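First the structure, in the form of structure tokens, and then the observations on it.
Note that the coordinates shown come from a computational prediction; the quantities given were computed from them, not determined experimentally. To find a chain, count down the sequence lines: A is the first, B the second, and so on, and within it residues start at 1.
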Amino acid sequence: MPRTKKKQTDKNFFTDVFDVARLIPVGRVTSYGAIGQYLGLKSSARMVGWAMHGCPKDVPAHRVVNSKGLLTGKHHFNPPEKMERLLKKEGVKVVNDKIVAFNEVFWNPSTDLELNETKPRKKRPKTG
DNA sequence: AATCTGACGGGCA
DNA sequence: GTGCCCGCCAGAT
């Protein structure tokens, strides 16, 4: 939604990233690129991760990792260990700062969200 | 204003 | 499968 003639990147970009991140279900994770792609930034995954720089507490940044499932952003948490700690707490296995079964816990906003949350989403990839 | 940086991602060797 | 290079775009110095 075109706010005004002004730069659209005023802060919408940030808020958008945060908004999507907040949509990440518990026990699931996503990648910066996935969020970026959902927002249309696709090739600007850096922007997404970088945007997390100002990620408020309301945003589960710990559920966001790089496309390899690596907890690359753990260094930015208050206690870096908090990231995997939170993930493990939510059921996400983490070993060596890496998400276990990343392909299973991976959550794609562009596909899993697909703008129809009101509908009973289809089968899940089965958590286990 | 120009330059360097950054919580990334994909392609090629 | 791993390692290196480029692109991407906005912020900070």
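Residues from residues 79-90 of chain A lying near DNA chain C, meaning a heavy-atom separation below 4.0 Å, are absent. Interface residues of residues 46-77 of chain A facing DNA chain C, ordered by number: A:Arg46, A:Met47, A:Trp50; criterion, heavy-atom separation under 4.0 Å.
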Going by atom type alone, with no hydrogens or angles, which donor-acceptor pairs under 3.5 Å involve a side-chain atom of residues 67-78 of chain A and a protein atom two or more places apart or on another chain?
from    : atom 1 : to      : atom 2 : distance (Å)
A:Lys74 : NZ     : A:Glu84 : OE2    : 3.1
A:Lys74 : NZ     : A:Asp97 : OD1    : 3.2
A:Lys74 : NZ     : A:Asp97 : OD2    : 3.4

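Atom pair A:Tyr32:OH and C:dA10:C1' shows a separation of 17 Å (rounding to whole Å applied).
Under a 3.5 Å cut-off, the side chain of A:Thr30 and the backbone N or O of A:Trp107 do form a donor-acceptor pair.
Applying the salt bridge (charged side-chain N to carboxylate O under 4.0 Å, His left out) test to pairs two or more places apart or on separate chains, none has a residue in residues 36-58 of chain A. For residues 46-70 of chain A, the pairs satisfying ring-ring contact (aromatic ring centres under 6.0 Å, His included) are A:Phe14-A:Trp50, with sequence neighbours left out.
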Test side-chain contact (heavy atoms from CB on, under 4.5 Å) applied to A:Val105 and A:Ile99, step by step: CA-CA 8 Å; A:Val105 297; A:Ile99 305 275; 3.5 Å; yes

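Under the salt bridge (charged side-chain N to carboxylate O under 4.0 Å, His left out) criterion, A:Glu90 pairs with A:Arg63, not counting sequence neighbours. Scanning for side-chain contact (heavy atoms from CB on, under 4.5 Å) contacts around A:Val95 gives A:Val100, with sequence neighbours left out. Annotation: side-chain contact (heavy atoms from CB on, under 4.5 Å) contacts of A:Leu39 (sequence neighbours excluded): A:Asp16, A:Val17, A:Val20, A:Ile35, A:Leu41. Among residues two or more places apart in sequence or in another chain, the ring pair (Phe, Tyr, Trp, His ring centres under 6.0 Å) test is passed with A:Phe18 by none.
Contacts between chain A and DNA chain B, taken as any atom within less than 4.0 angstrom of a protein heavy atom, begin and end at B:dG6 to B:dG10.
Between A:Ile24 atom CD1 and A:Phe106 atom CZ the span is 9.5 Å, to the nearest 0.5 Å.
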